[in-house]
Amino acid sequence: MVFSLEDAMPETEETDIHCDARMAHLTRREQEVMAYLLRGAANKVIAAELGISQRTVESHRARLFRKMRVRNIVGLVSMIYAPGGPRHCVAEASADAYRKKRSRST
């Protein structure tokens with residue numbers, strides 16, 4: 001596996017801008033999957049909550065990681081929750097997705 005210098009660089013304002021631009025390219029479903037991932041949900045739980053197969057969750061997760069240019073959940077979390085506090089846009093999207101799902105199931 002080849003690593004670049006960019007992989008080792010800490011978060012900066014410039015990478016925050018890139019993060020926001022990357023998030024703009026996510027589909028609604030990818031955003032929902034990301035919200036569950038950021039809460040620590042397993043693929044199996046996400047699949048059950050969203051009413052889709054576990055393999056479909058894995059596909060959304062792979063596309064999400066590719067679009068966000070991260071290799072794993074640790075990279076995603078460190079991008080979203082950069083030094084200086086949590087990103088409000090993601091925290092709110094996460095909470096909204098959770099509330100919508102809960103209101104549909106009750």
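Note: hydrogens, waters and symmetry copies are ignored here, and every other heavy atom, side chains too, is used.
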When you compare the side chain of [Y] with that of [X], does any pair of heavy atoms fall below 4.5 Å?
{"X": "Ile80", "Y": "Met68", "result": "yes"}
{"X": "Val57", "Y": "Tyr36", "result": "no"}
{"X": "Asn72", "Y": "Leu76", "result": "no"}

Of the non-hydrogen atoms in [X] and [Y], which two are nearest, and what is the gap between them?
{"X": "Arg71", "Y": "Phe65", "value": "O-CD1, 4.0 Å"}
{"X": "His60", "Y": "Glu30", "value": "O-CG, 4.1 Å"}
{"X": "Arg61", "Y": "Leu37", "value": "NH1-CD2, 3.4 Å"}

Exercise. Apply the test side-chain contact (heavy atoms from CB on, under 4.5 Å) to residues Leu50 and Val33: give CA-CA distance (whole Å), side-chain angles for both, the deciding distance (0.1 Å), then the verdict.
Key: CA-CA 9 Å; Leu50 296 178; Val33 169; 4.1 Å; yes

Quiz item: Between CD of Gln54 and CD1 of Ile46, what distance do you get to the nearest 0.5 Å?
Solution: 9.5 Å

Quiz item: What distance do Asn43 atom CG and Arg55 atom CZ have between them, rounded to the nearest 0.5 Å?
Solution: 10.0 Å

Quiz prompt | Glu32/Arg29 salt bridge by N-O under 4.0 Å criterion | solution = yes

Self-check item: Under 3.5 Å donor-acceptor, Lys67 side chain and Met23 backbone
Solution: no

Exercise. Determine, using the 4.5 Å side-chain heavy-atom cutoff (strictly less than), whether Val45 and Val77 are members of one ILVMFWY cluster.
Key: no

Quiz item: Does one side chain, of Ser59 or Thr56, offer a donor that lies under 3.5 Å from an acceptor on the other?
Solution: no

